[in-house]
Amino acid sequence: PAGTFEVSAYARGLKQGSVRVASTGEFGCEFELTLERAWWVQGRVWDSAGEPALGALVRRFRGGKFEDLVKTDDEGRFSIGPLESGKVRLMAECGSEVGALDAVLAEGSRPLELRLRPAAELSGLVTGPGNRPLVGASVQVRNVAALSVLRQAKTDAAGRYQVGRLYPGLYRVRVVPAGTRQIFLEPPRHRLEVEVEVGQDSLQRDLSVPAGCTIAVVVAGPDGAPLAGAGLRVVREGEDFNDEVQTDPRGRAELTGLAPGLYEVRVLKRWPEERAPLLAHARVRVTAGIRRELDLVARGGAGIRGRL
């Protein structure tokens, strides 16, 4: 039939390619599609004793995102592909040992040699306002170059934590106190970044959590009446943190335990029966231990109509 089509083709050793073509139906069409060479990342994993690491897990990341997972064979060898050329990050683990390296896939690339070392451990004391130990807080440690690599642990009765199995690389640390919203740590912006170097087996970092903040919101509809069941979302500027709650029958909602910073408060829609979203937003800055109150009026959202 006449129309526009997407044609895909692939072959061993080449990357899959696609092209969009238009056909008139009666005469069809002709097209050319050139497939580019595919790349494979190959190599061998060795343990700290210099022996092949059998059954080691090898993960491939690109742009911080996890993409592949393979196991090494009886000789510690692995192969991942087909891939596009460019930079990749490999992270391997076998038992209590880990290793990581960056590679560039290009013409003439040689097999990689990835050597494992005993995994590093991060530990320390977590305190809150008044220098009091925080009990039951969640300490989360995320690899910046491989965002899906997340290690976490709870603080004990003395406020101490211990996070193990860390690869070499840069990590972002955050603390979620028990029963509160997420609080980031990095002096002076409430987050902490820790660099784990090759061969380093332990790091000590004490963490101090500022007093949490509260944003209290009252939402009214276009007629001024309290808007119950409105979706309320807060997004912290420059962070990967957001949270969402619903307003109560009086149009009120609170978000507590927030980290100090600049937030955007958004009214998303009315649940469950209203089809047209009711929108409002405001920006508010909160400081440690402070409660901020907002009054918002939701307006009818714009719509798009058409005919096919």
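Computed from a predicted structure; not experimentally measured.
Residues satisfying the side-chain contact (heavy atoms from CB on, under 4.5 Å) test with Asp201, not counting sequence neighbours, are none. Listed by chain and residue number, nothing satisfies the side chain to side chain donor-acceptor pair (under 3.5 Å) test with Gln200 (two or more places apart in sequence, or in another chain). For Ser148, the side chain to side chain donor-acceptor pair (under 3.5 Å) test picks out no residue, with sequence neighbours left out. With sequence neighbours left out, the side chain to side chain donor-acceptor pair (under 3.5 Å) criterion links Arg285 to no other residue. Looking at residues two or more places apart in sequence or on another chain, you find a side-chain contact (heavy atoms from CB on, under 4.5 Å) between Val297 and Arg299. Under the side chain to side chain donor-acceptor pair (under 3.5 Å) criterion, Ser48 pairs with Glu97, not counting sequence neighbours.
Using a 4.5 Å heavy-atom cutoff, the side chains of Ser123 and Gln204 are in contact.
Using a cut-off of 4.0 Å between Lys/Arg side-chain N and Asp/Glu carboxylate O, Glu67 and Lys65 are scored as not salt-bridged.
Sorted by first and then second residue, the salt bridge (charged side-chain N to carboxylate O under 4.0 Å, His left out) pairs involving residues 148-169 (not counting sequence neighbours) are Glu93-Arg151, Glu93-Arg165. Note on residues 44-63: pairs passing ring-ring contact (aromatic ring centres under 6.0 Å, His included), not counting sequence neighbours, are Phe61-Phe66. Among pairs with a residue in residues 129-166, none fulfils ring-ring contact (aromatic ring centres under 6.0 Å, His included), at least two apart in sequence or across chains.
Taking Ile, Leu, Val, Met, Phe, Trp and Tyr as hydrophobic and joining them when side-chain heavy atoms fall under 4.5 Å apart, one finds Val144 in a cluster with Leu170.
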Under 3.5 Å donor-acceptor pairs involving side-chain atoms of residues 98-105, not counting sequence neighbours:
unit_1 : atom_1 : unit_2 : atom_2 : d
Asp102 : OD1    : Arg89  : NH1    : 3.0
Asp102 : OD2    : Arg89  : NH1    : 3.1

N/O donor-acceptor pairs under 3.5 Å from side chains in residues 74-81, not counting sequence neighbours:
unit_1 : atom_1 : unit_2 : atom_2 : d
Glu75  : OE1    : Arg77  : NE     : 3.1
Ser79  : OG     : Gln42  : NE2    : 3.3

